[in-house]
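Structure first, then comments.
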2 protein chains.
Amino acid sequence: MIKPKPQTVAAWTSLVSANRVLLETIEDALKRADLPPLSWYDALLEIERAEPGGIRPFELKERLLLPQYGMSRLLDRMARAGLVDRDDAEDDGRGQVVRLTPKGRTTRQAMWPVYAGVLTRRIEPHFTDAEAAELARLLQRLGGGR
Amino acid sequence: MIKPKPQTVAAWTSLVSANRVLLETIEDALKRADLPPLSWYDALLEIERAEPGGIRPFELKERLLLPQYGMSRLLDRMARAGLVDRDDAEDDGRGQVVRLTPKGRTTRQAMWPVYAGVLTRRIEPHFTDAEAAELARLLQRLGGGR
DNA sequence: CCAATATAGATGCAGTTGCATTCACATGAG
DNA sequence: CTCATGTGAATGCAACTGCATCTATATTGG
């Protein structure tokens with residue numbers, strides 16, 4: 001019979017809780033500022049980083065850990081909102097290249113202070129610099145990287 | 001202009017990643033074992049802990065950090081699946097008392113080894129006991145407890 | 001007691017997600 | 001070249017979530 005150590009269970013439950021609470025705080029803040037949800041931020045940032053060549057949806061989904069259909073629909077919504085352009089890929093008739101529109105760029109820039117504000121206010125007061133670094137180091141072992 | 005420390009951002013992004021990866025692994029394992037999703041486990045456990053008196057949905061939603069409508073619907077589904085009973089509360093005409101059915105109890109018991117197995121295999125190899133405890137300790141400061 | 005307000009829980013609707021499948025183009029073996 | 005197989009992306013459908021609202025009972029102030 002498998003029996004995890006108490007520390008293991010404690011680490012997992014506190015991880016889930018922390019994630020939930022922080023996520024909710026961030027989504028709330030974005031909503032109150034009349035900005036798109038957090039998932040859009042991550043996508044916008046990743047697309048911006050891929051400038052000026054743009055990025056293929058299948059690369060994006062790997063970096064964001066989204067399922068293929070999730071990526072497809074997220075891009076749909078962002079395109080409908082005028083934040084990204086999807087053009088057919090020159091060199092692959094099946095695929096596309098995604099790029100930010102100017103509005104996409106400004107939207108990401110508008111989201112950052114809200115996002116950063118929550119992170120700063122909700123994380124930094126609880127840790128010394130060394131503790132935060134240690135926390136990041138430990139957590140990185142769980143996610144496989146990124 | 002708000003500018004979080006790099007450690008803060010690193011801690012947050014690795015937290016999100018770790019959460020996503022582990023959650024997905026657990027849900028996958030449960031699905032492959034033909035068992036209900038993880039959210040049911042948490043609810044079943046909390047209800048079981050409240051035996052024999054049962055628990056009120058509004059208490060449950062607070063312990064599980066779910067919105068009221070989320071709790072209401074989760075209980076709907078679990079009741080439809082025959083895992084819980086909802087009876088009118090004796091002392092409060094507005095409310096109910098939730099209890100496990102025998103099937104609810106066995107289902108929770110069936111889920112645990114799958115859940116525990118993933119936790120053990122995906123967490124314990126990466127940490128010493130002290131590290132796991134330290135991780136839990138640091139994370140607890142973020143979620144406000146639980 | 002009555003009216004005003006608060007709390008427990010359900011629900012209609014729109015938007016999102018998961019799953020499975022589909023379509024189109026790409027690639028490699030013969 | 002041609003067929004079989006693989007890969008990039010979209011989509012129909014059912015389930016789930018968020019939001020706002022609604023109903024019913026409880027509580028409080030007068």
Side-chain angles (χ1 to χ4, degrees), chain A residues 19-21 23-32 34-43 47 50 54-81 83-99, chain B residues 19-21 23-32 34-43 47 50 54-81 83-99:
Chain A
N19 184 70
R20 248 195 264 234
V21 169
L23 256 197
E24 198 191 312
T25 309
I26 294 165
E27 296 289 12
D28 256 40
L30 289 171
K31 212 165 292 181
R32 277 201 310 282
D34 216 5
L35 288 166
L38 183 55
S39 57
W40 292 33
Y41 180 84
D42 294 332
I47 297 166
I55 187 169
R56 299 283 302 267
F58 76 93
E59 296 177 286
L60 212 42
K61 85 176 196 292
E62 281 152 21
R63 299 192 194 178
L64 299 174
L65 301 179
L66 288 179
Q68 180 270 321
Y69 56 81
M71 192 72 251
S72 174
R73 282 162 168 159
L74 177 53
L75 289 171
D76 267 359
R77 284 173 245 140
M78 293 198 297
R80 253 188 284 123
L83 304 188
V84 302
D85 282 329
R86 278 189 288 190
D87 305 305
D88 293 342
E90 294 288 319
D91 55 342
D92 186 341
R94 296 166 300 182
Q96 315 163 340
V97 177
V98 182
R99 267 179 270 261
Chain B
N19 184 70
R20 248 197 266 238
V21 170
L23 216 44
E24 198 191 313
T25 309
I26 294 165
E27 296 288 13
D28 255 41
L30 289 171
K31 211 164 294 180
R32 277 200 311 281
D34 216 4
L35 289 166
L38 182 55
S39 56
W40 291 35
Y41 181 85
D42 295 331
I47 297 166
I55 188 169
R56 299 283 302 267
F58 77 92
E59 297 177 284
L60 211 42
K61 84 178 197 291
E62 279 152 23
R63 299 192 195 179
L64 300 174
L65 301 180
L66 288 179
Q68 180 271 321
Y69 56 81
M71 192 71 250
S72 173
R73 282 162 168 160
L74 177 53
L75 288 172
D76 268 357
R77 282 173 248 141
M78 293 198 298
R80 253 187 285 122
L83 304 188
V84 302
D85 281 330
R86 277 188 289 189
D87 305 304
D88 291 343
E90 295 288 318
D91 55 341
D92 186 341
R94 296 166 301 181
Q96 315 164 340
V97 178
V98 182
R99 267 180 271 262

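Order of the sequence lines sets the chain letters (A, B, ...), proteins ahead of strands, with each chain counted from 1.
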Taken to the nearest whole Å, CD/Glu90(B) to C1'/dT25(D) is 16 Å
Can you tell if the side chain of Arg56(B) reaches within under 4.5 Å of the side chain of Val97(B), non-hydrogen atoms only?
-> yes
Atom CG of Leu74(B) and atom P of dG18(D) are separated, to the nearest Å, by 12 Å
Only distances under 3.5 Å count here; give the side-chain donor-acceptor pairs of residues 64-77 of chain A to other protein atoms, sequence neighbours excluded, each with its distance to 0.1 Å.
from: Asp76(A); atom 1: OD1; to: Arg86(A); atom 2: NH1; distance (Å): 3.4
from: Asp76(A); atom 1: OD1; to: Arg86(A); atom 2: NH2; distance (Å): 2.5

Is any side-chain heavy atom of Leu30(B) less than 4.5 Å from a side-chain heavy atom of Pro37(B)?
-> no
Whole angstrom value for the distance that separates P of dG8(D) from CG of Leu75(A) = 15 Å
For Asp34(B), does the CG atom sit with more than 12 other heavy atoms under 6.0 Å from it, leaving out its own atoms?
-> no
Return the set of residues passing side-chain contact (heavy atoms from CB on, under 4.5 Å) with Glu62(B) (not counting sequence neighbours), or none when no residue passes.
-> Phe58(B)
Contacts of Ala29(A) that satisfy side-chain contact (heavy atoms from CB on, under 4.5 Å) - sequence neighbours left out = Arg32(A), Val114(A), Val118(A)
Nucleotide N/O of nucleotides 1-6 of chain D paired with protein N/O under 3.5 Å:
from: dG6(D); atom 1: N2; to: Arg94(A); atom 2: NH1; distance (Å): 3.2

Only counting residues at least two apart or in another chain, list the ones meeting salt bridge (Lys or Arg N to Asp or Glu O under 4.0 Å) with Arg99(A).
-> none
Can you check whether Ser72(A) has a side-chain N or O nearer than 4.0 Å to OP1 or OP2 of dA9(D)?
-> no
May I have the distance from Tyr69(A) (atom OH) to dA14(D) (atom P), rounded to whole angstrom?
-> 17 Å
Short side-chain N/O contact from Arg77(B) to OP1 or OP2 of dT17(D), under 4.0 Å | yes
Within this structure, what is the CG-to-C1' distance between Asp88(B) and dT23(D), rounded to whole angstrom?
-> 14 Å
Just the endpoints, please: which first and last nucleotides of DNA chain C, 5' to 3', lie under 4.0 Å from a heavy atom of chain A?
-> dT16(C) to dA26(C)
For Ala81(A), check side-chain contact (heavy atoms from CB on, under 4.5 Å) against everything at least two apart and list the hits.
-> Trp40(A), Leu83(A)
Between dC16(D) atom C1' and Arg80(B) atom CZ, what is the distance in whole Å?
-> 11 Å
Distance-minimising heavy-atom pair for Ile55(A) and Ala50(A) = CB-CB, 3.7 Å
5′-ward residue of the pair Asp92(A)/Gly70(A) relative to DNA chain C | Gly70(A)
Can you tell me the distance, in whole Å, between the CE atom of Met78(A) and the P atom of dA10(D)?
-> 12 Å
If you take atom types as modelled and just measure distance, does the side chain of Arg73(A) reach the base of dG12(D) with a donor-acceptor pair under 3.5 Å?
-> yes
What is the distance, rounded to the nearest whole Å, between atom NZ of Lys61(B) and atom C1' of dG18(D)?
-> 16 Å
Between Asp28(B) and Trp40(A), just flag the one whose closest nucleotide in DNA chain C comes earlier from the 5' side.
-> Trp40(A)
